[in-house]
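A quick write-up on the structure given underneath.
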Amino acid sequence: MSLRSPLGTARGLGAAKSGTHHWWMQRLTAIALAPLSIWLVYGLVAHAGQDHATVSAWLAQPLTAVSMILLLSAMFYHSQLGLQVVIEDYVHGDAAKLASLIVMKFAHIAAVAAGVFAVLKVAFGQ
């Protein structure tokens, strides 16, 4: 005897429906962040002590700019996924939870947009 509805059984959906996707996205972004973070640390160490023009020229290279945009996107998406779980688990009250989730998501969107804009501005010049 199953407690699932016939429709739920046919669709194969559990109670939450999105928990597995959330878990997978968090793992995939963590995997993406590992080599991107190593690349960033290597790049920063390699350019330590260089002047602004040299570092800007490095960031303006296509592979470097694309890698930085991928790093920013993965980092902020991973952060958003983690904070969403924290808010859902520890913020009580539906209104406060919803407001916190909305503010957090908009803040992450604004941060990634600002980061991508900064990289593109350096990459394509003033």
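Keep in mind that this is a model prediction, so the values were computed, not measured.
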**Message:** Is there a path of hydrophobic side-chain contacts, each under 4.5 Å between heavy atoms of I/L/V/M/F/W/Y residues, joining Val85 to Leu83?
**Reply:** no
Distance-only donor-acceptor hits, side chain of residues 39-49, under 3.5 Å, sequence neighbours excluded:
unit_1, atom_1, unit_2, atom_2, d
His47, ND1, Gly43, O, 2.8

**Item:** Residue pair Ala123 / Leu59: nearest heavy atoms and the distance that separates them
**Value:** CB-O, 4.4 Å
**Message:** Let me check something: do Leu81 and Leu28 share a hydrophobic cluster, defined by ILVMFWY side-chain heavy atoms less than 4.5 Å apart, either directly or through other members?
**Reply:** yes
**Asked** Between Trp23 and Ile87, is there a shared hydrophobic cluster once you connect ILVMFWY residues whose side-chain heavy atoms come closer than 4.5 Å?
**Response** no
**Request:** Spell out, yes or no, whether Val66 and Leu33 are grouped together once hydrophobic residues are joined by side-chain heavy atoms under 4.5 Å, including indirect joins.
**Result:** yes
**Prompt:** Quick one: CD1 on Ile109 to CE on Met104, what's the gap to the nearest 0.5 Å?
**Reply:** 9.5 Å
**Request:** Check the pair Leu120, Ile69 against side chain to side chain contact (heavy atoms under 4.5 Å, CB included), reporting the backbone distance first and the verdict last.
**Result:** CA-CA 9 Å; Leu120 292 176; Ile69 289 170; 3.9 Å; yes
**Prompt:** What's the spacing between His21 NE2 and Gln26 CD if we round to 0.5 Å?
**Reply:** 12.0 Å
**Asked** What residues form a side-chain hydrogen bond (donor to acceptor under 3.5 Å, both in side chains) with Asp89, not counting sequence neighbours?
**Response** none
**Prompt:** Are Val103 and Leu98 joined in one hydrophobic group, where the rule is that I, L, V, M, F, W and Y side chains link up if heavy atoms are under 4.5 Å apart?
**Reply:** no
**Asked** According to the side-chain hydrogen bond (donor to acceptor under 3.5 Å, both in side chains) rule, which pairs have a member within residues 66-83, sequence neighbours left out?
**Response** Thr29-His78, Ser79-His108, Gln80-Gln84
**Asked** So how far is it from Met68 CE to Met75 CE, rounded to the nearest 0.5 Å?
**Response** 9.0 Å
**Request:** Could you tell me which non-hydrogen atom of Leu72 sits nearest to which non-hydrogen atom of Val116, and how far apart they are?
**Result:** CD1-N, 4.0 Å
